[in-house]
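Bear in mind the structure is a predicted one, so any value in this text is a computation, not a measurement.
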Amino acid sequence: MYPSANNQKFGKALTVLTSLFFMWGLITSLNDILIPHLKAIFSLSYLQAALIQFCFFTAYFVVSFPAGFIIRKIGYKRGIVAGLVTAGVGCLLFYPAAGAQSYVFFLSALFILAGGITFLQVAANPYVTALGNPDTASSRLNLTQAFNSLGATLGPLLGAVTILAVNTESGSNTVSNLATQAASVQTPYLVLTGVLFALAAAIWLIRLPVIQEVDESADQQAGAHASHQGKQSVWAYRHLVLGALGIFAYVGAEVGIGSFLVSLMGQPQIAGLTAESAGKYLAIYWGGAMVGRFVGSALMTRINPARMLAFNALVNVLLIGAAMMLGGHIAMWALIVVGFFNSIMFPTIFSLALKGLGRFTSEGSGILCMAIVGGAIVPVIQAYFADRMGILASFAVPLVCYLYIVYFGARGHRVQDEQSAAEIGAIAVSPAKG
């Protein structure tokens, strides 16, 4: 329960958190610019260039669970500051990596950057769910995630102007030319370093609500103690484990579709588009997620989030099924529209999976962020089938992922003991300090 949620105004805190969601959306989407840029500089194969995304998403798996433990010790505000500083250090390391023209150095800097963003994810997502009425937690998280999508939409546009422009202007692969191309990432990432450090300083100085994971007041201790019997670990919460699988499936499906959609639209039997034209249509896919999150945030104040999640996932199953059966331009547009219905899935799965975890909330958030590694694994599985069955048939992989999300929204999200969950609560909010 949230004892003081109705008595406090959280506008300032939510504004600060929204800026964080925007920043890590922008930084994450810059990976789509780094892939072709570093591939050209270091003459990489597609598999070697794919290490950029693989390294980034692997950081979630490695860092998330330890981050949950650390945040539980130091608090959410300090956890956010630590994440911003770590991400800033990762961005700063791009400068010497470019100077050394070392791909391994770039990957190391990227891993540190992703580790910092993982800290932000683990801390900020449950923080948003805590700042207000628990019944509208999914709505708040969808609203902040909409600004994450805005950052993800702007990132590639900024990267194309500041980074890829050097590639298009370079006409040879001389040592000096390659050095110039490598150095083109230095200024953008130095700017990001400054912004991240400035945000860390601002959040450290701003008075924000302090949230604490508690079992509730003394008169509820007996009930809370009974509800924890047999649950000495965060892994004992069935709906959390099923939610982690849901995050794995969702991120994997979203990244998989985004990764293969341009190639699919280039197929003569689908749309026969050039890569440049297909890339513009891909922007509609990601933009649809942004629009859908704003719409979803409003609808969830009136519609049960779990039902909305199951409905959206079912629509995506039908869209992908229609694309696979009908092909042509219908397939292209059906898969583009999937982006709109993707919109509410990540924040809704996240908030439903954290329900009723009490003192295990930060650790649960860490587990859910670990599951983002689905973005590294599911696309590889889809690529395996694309090589053997054809690219359109390979979309059966994300279809299966959405089928699982239908199940989670319909049944898997339910807390085993709803009464105990109500007694334990998730997070208590106390007045701003320090």
Side-chain angles (χ1 to χ4, degrees), residues 1-3 5-6 10 14 17 21 125-149 227 237-251 253-254 288-319 337-358 361 364-365 367-368 371 401-427 429:
M1 295 179 67
Y2 302 67
N6 295 326
F10 302 117
L14 287 172
L17 291 169
F21 280 75
N125 282 302
Y127 203 160
V128 170
T129 66
L131 296 178
N133 189 330
D135 294 333
T136 58
S138 291
S139 176
R140 287 193 302 278
L141 201 51
N142 270 286
L143 181 60
T144 52
Q145 286 282 353
F147 285 92
N148 177 271
S149 295
S227 68
Y237 291 87
R238 176 178 175 272
H239 70 287
L240 170 70
V241 175
L242 295 178
L245 291 174
I247 293 290
F248 181 96
Y250 164 72
V251 176
E254 181 188 51
M290 177 181 66
V291 173
R293 279 175 174 163
F294 283 111
V295 174
S297 177
L299 291 178
M300 281 188 182
T301 60
R302 296 177 174 84
I303 301 175
N304 181 284
R307 291 180 181 175
M308 193 167 176
L309 173 66
F311 173 80
N312 278 26
L314 181 59
V315 171
N316 278 355
V317 168
L318 297 176
L319 286 169
V337 173
V338 165
F340 177 83
F341 291 95
N342 273 344
S343 56
I344 58 100
M345 291 189 184
F346 181 91
T348 303
I349 295 170
F350 206 100
S351 58
L352 290 173
L354 288 182
K355 183 180 178 182
L357 296 193
T361 299
S365 179
I367 290 173
L368 293 175
C401 292
Y402 289 120
L403 278 174
Y404 175 79
I405 297 172
V406 172
Y407 161 74
F408 180 76
R411 297 186 60 85
H413 73 281
R414 297 178 182 175
V415 180
Q416 286 180 310
D417 187 345
E418 293 288 349
Q419 183 178 359
S420 295
E423 291 175 338
I424 298 171
I427 298 173
V429 184

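Annotation: the span from L242 atom CG to I247 atom CD1 amounts to 12.5 Å, rounded to 0.5 Å. Atoms CG and OH, on L403 and Y407 in that order, are 13.5 Å from each other to the nearest 0.5 Å. With values rounded to the nearest 0.5 angstrom, L309 atom CG is found 9.0 Å from H413 atom NE2.
The two residues A313 and I405 have their closest heavy-atom pair at CB-CG2, 3.7 Å. Closest of all the heavy-atom pairs between A289 and S343 is O-CB, 3.2 Å. When every heavy atom of G409 is checked against every heavy atom of A310, the shortest pair comes out as C-CB, 3.9 Å. When all heavy atoms are compared, the tightest approach of A371 to A244 is CB-O, 3.1 Å.
T348 places no side-chain N or O within 3.5 Å of a backbone atom of M345 that could act as its donor or acceptor partner.
Y402 is not listed as a side-chain neighbour of L318, based on a closest heavy-atom distance of 4.5 Å or more.
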Stepwise side-chain contact (heavy atoms from CB on, under 4.5 Å) test for N342 and Y250:
CA-CA 8 Å; N342 273 344; Y250 164 72; 3.9 Å; yes

Please report the C-alpha distance between L368 and L240 in whole Å, then the side-chain angles of each, then the deciding distance to 0.1 Å, and finally whether the side-chain contact (heavy atoms from CB on, under 4.5 Å) criterion is met.
CA-CA 8 Å; L368 293 175; L240 170 70; 3.9 Å; yes

side-chain contact (heavy atoms from CB on, under 4.5 Å) assessment of F311 paired with I303:
CA-CA 11 Å; F311 173 80; I303 301 175; over 6 Å; no

Assess whether side-chain contact (heavy atoms from CB on, under 4.5 Å) is satisfied between L352 and F408, documenting all intermediate values.
CA-CA 10 Å; L352 290 173; F408 180 76; 4.2 Å; yes

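In this pair, Y237 and H239 present their aromatic rings perpendicular. The plane angle is above 60°, beyond the 30 to 60° band.
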